Amino acid sequence: MRRLSWFNVTSLTLGFAFLYIPILILVIYSFNESRLVTVWAGFSTKWYGTLLQNQAFLDAATVTLKVGVISSTIATILGTMAAYVMVRGGRFFGRTLFSGMIYAPLVMPEVITGLSLLLLFIAIGLDRGIFTIVLAHATFSMCYVSVVVSSRLVSFDKSLEEAALDLGCTPFDAFKSVTLPIIAPAVISGWLLAFTLSLDDLVIASFAAGPSSTTLPIKIYSAVRLGVTPEINALSTIMIGIVAFGVITASLVSKRNIARIKRDEQNALK
Amino acid sequence: MLDTATNTFEPWNDPAATPLIEFNGVTKRFGEFTAIDNIDLKIYEREFFALLGPSGCGKTTLMRMLAGFETSTEGVITLEGQDVAPLPPNKRAVNMMFQSYALFPHLTVADNIAFGLKRSDMPKSEIAGRVDEMLSLVQLTPFAKRKPHQISGGQRQRVALARSLAKAPKLLLLDEPLGALDKKLRQETQFELMDIQEKTGTTFVIVTHDQEEAMTVASRVAVMDHGKLIQVDTPDRIYETPNSVYVADFIGEVNLIKGKASPNGAGKVTIHWAEGQPALLGSTEETLGDGTDVTFAIRPEKISIAKQRPEAANVVEGTILDIAYLGNISTYYVKLSTGQTIKAQTANNRRISRRSFTWEDTVYLSWTDTAGIILTR
């Protein structure tokens, strides 16, 4: 092992401190006995208990999960289709415009996306609720999915699809039985990305939400305006835990897959 | 079909034979670029046909048109007398082996081979038997349950071959099938390919840029350049009687000498090629006008090299400039007084320590009047 130089150690420490000290403080204070957020009064898990009894928070969590699952599924289907057309469609009329427009929401301010969706929903007379949040989230997270999937498709050997056609597949069968299984990891990580985006979106959700459809970020935000409670710290800690678990699992799985494929290839060449 | 083993297989010389594939005035353009330029070609059943040419000559495009991945801009391609233009790739009795092998990484070797069968009319009960048959044909039975990344490059190549042969296509297309293998494995596999082609009786069309490979495996070779067929013939005729400077130069090594021809009857031609040098004697079946510009092409192995001036139809004198020792043969680069360098090849049937020539030696190169070929284009 190479020893790290003092410069590397310093930059690593600074970087990690910058990233994780706020989160660490939040996690520590979620176990605070005291009702006052800023005063430490001993270790306790009672705020996790009261959190589970708070029906408003639980309802908001249910709405958030529903919206997340449905919208990221829609976004994954649409985003994968769009990526496929852009990478495989060849040079059709309007391709450049189309691909530019797919990526535009990446740089569009969320307030503008939210406002324009709100205007649209009012114009077509759609009552705001879970359905409109799902639509809004699918719209803005679809472009992230298509970025992830198209980067996989670009490195995908086109002759695999041609081989499938050559062996008797219709174009749809070739996509289903060859392309999709191979790009599945990218599609899944696209779905996870869309789900995460939907989970923590506040701005667009607050434009698209109705009275009966408060998502967790909206709920937390409005609760914080009345003062930060240890309950919210506990809730945030749970969310951090869920996200960290997901990210770590995903990276471990892919790391193990890569290691296994490398090992197999080396064995095969012996 | 062959009646007896003694009959030679050359349906292209039989005017009554019906071709399996026929290209009729086929042209393919990509925008401004003409990839295939007005090609007429007939390929017969059971042939092992090689499309040979440098990269970008259109050989791959020609093959992809047979597979159905490209459509011709002009002209008609027929398979067993039927126009193939309206048929998509999945409806053609043609299978292709891809240069990258294109094995499905998520399927086992056996499932890769079964892939096409599952999408054919074959009853489910027969598929497993057919897969076993193909596995034993390419000697991969013990590897049936492996994934493509768990086997070696040579084994992958054989899986690709088995997969493309599994549906018993009328025509098998092979796109640079041996390009990714090292030289030794490539030579072994060439004979395996010929063996399998003979066993299955399938018509093979192979695309390659490796002339040795084309000469080894093919019954006929088509030499292509810039989207045109330059010569279509058997390997020996391509080598011994090339129809153009391009073909002579592309296939094997050759000495090219430019000169002016003057015929002197009975198919014999005198070629004047340099001031102060004796005219060369050659022969041709063509009738050439006096003073026609010609290129005299002669293969290095047809030139003898000697220290004493021999009695021969053509003798030139020069000094040895360089010797390329290849083990089995040596190529001598002999510089003439005209400044031209001529390559002569001899088999090293003696040990190198007893070699008769060395650098700067004055030597005589000689060849008969039928050793070379006179080309007009």
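Note on naming: letters A, B, ... go to the chains in the order of the sequence lines (proteins, then strands), and numbering restarts at 1 for each one. Quantities reported herein were computed from a predicted structural model and do not represent experimental measurements.
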What part of A:A174 gets closer than 4.5 Å to chain B, counting heavy atoms only: side chain, backbone, both or neither?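 For A:A174, no heavy atom lies under 4.5 Å from chain B.
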Among the listed options B:Q99, B:R92, B:R163, the residue most often paired with chain A at heavy-atom distances under 4.5 Å: B:R163
Distance from A:S177 atom OG to B:H106 atom NE2, nearest 0.5 Å?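 Between atom OG of A:S177 and atom NE2 of B:H106 there are 6.5 Å.
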Would you compute the distance between atom OH of B:Y101 and atom CG of A:L160 and round it to the nearest 0.5 angstrom? 14.0 Å
Relative to chain A, which segment of [X] carries a heavy atom at a distance below 4.5 Å: side chain, backbone, both, or neither?
X: B:R64; value: side chain
X: B:F69; value: side chain
X: B:L173; value: neither

Proximity of residues 135-157 of chain A to chain B, residues having a non-hydrogen atom under 4.5 angstrom: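 The residues closer than 4.5 Å to chain B, in numerical order, are A:D157.
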With a 4.5 Å heavy-atom cut-off (strictly below), which parts of residues 180-199 of chain A touch chain B? List them by number.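 The stretch touches chain B at A:P181, A:I182.
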[X], [atom1] atom: more than 12 neighbouring heavy atoms under 6.0 Å:
X: A:F131; atom1: CZ; result: no
X: A:M239; atom1: CE; result: yes
X: B:E126; atom1: CD; result: yes
X: B:F30; atom1: CZ; result: yes

Quick one: closest heavy-atom pair of [X] and [Y], and the distance?
X: B:A102; Y: A:A163; answer: CB-CB, 3.9 Å
X: B:V94; Y: A:D166; answer: O-OD1, 3.5 Å
X: B:R119; Y: A:L167; answer: CB-O, 4.1 Å

Does A:R95 have any side-chain hydrogen bond (donor to acceptor under 3.5 Å, both in side chains) partners at least two apart in sequence or in another chain, and if so, which? none
Identify, with sequence neighbours excluded, every residue that meets side-chain hydrogen bond (donor to acceptor under 3.5 Å, both in side chains) alongside B:Q157.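 With sequence neighbours excluded, B:Q157 shows a side-chain hydrogen bond (donor to acceptor under 3.5 Å, both in side chains) to no residue whatsoever.
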Does A:L165 offer a backbone N or O that forms a donor-acceptor pair with the side chain of B:N90 under 3.5 Å? no
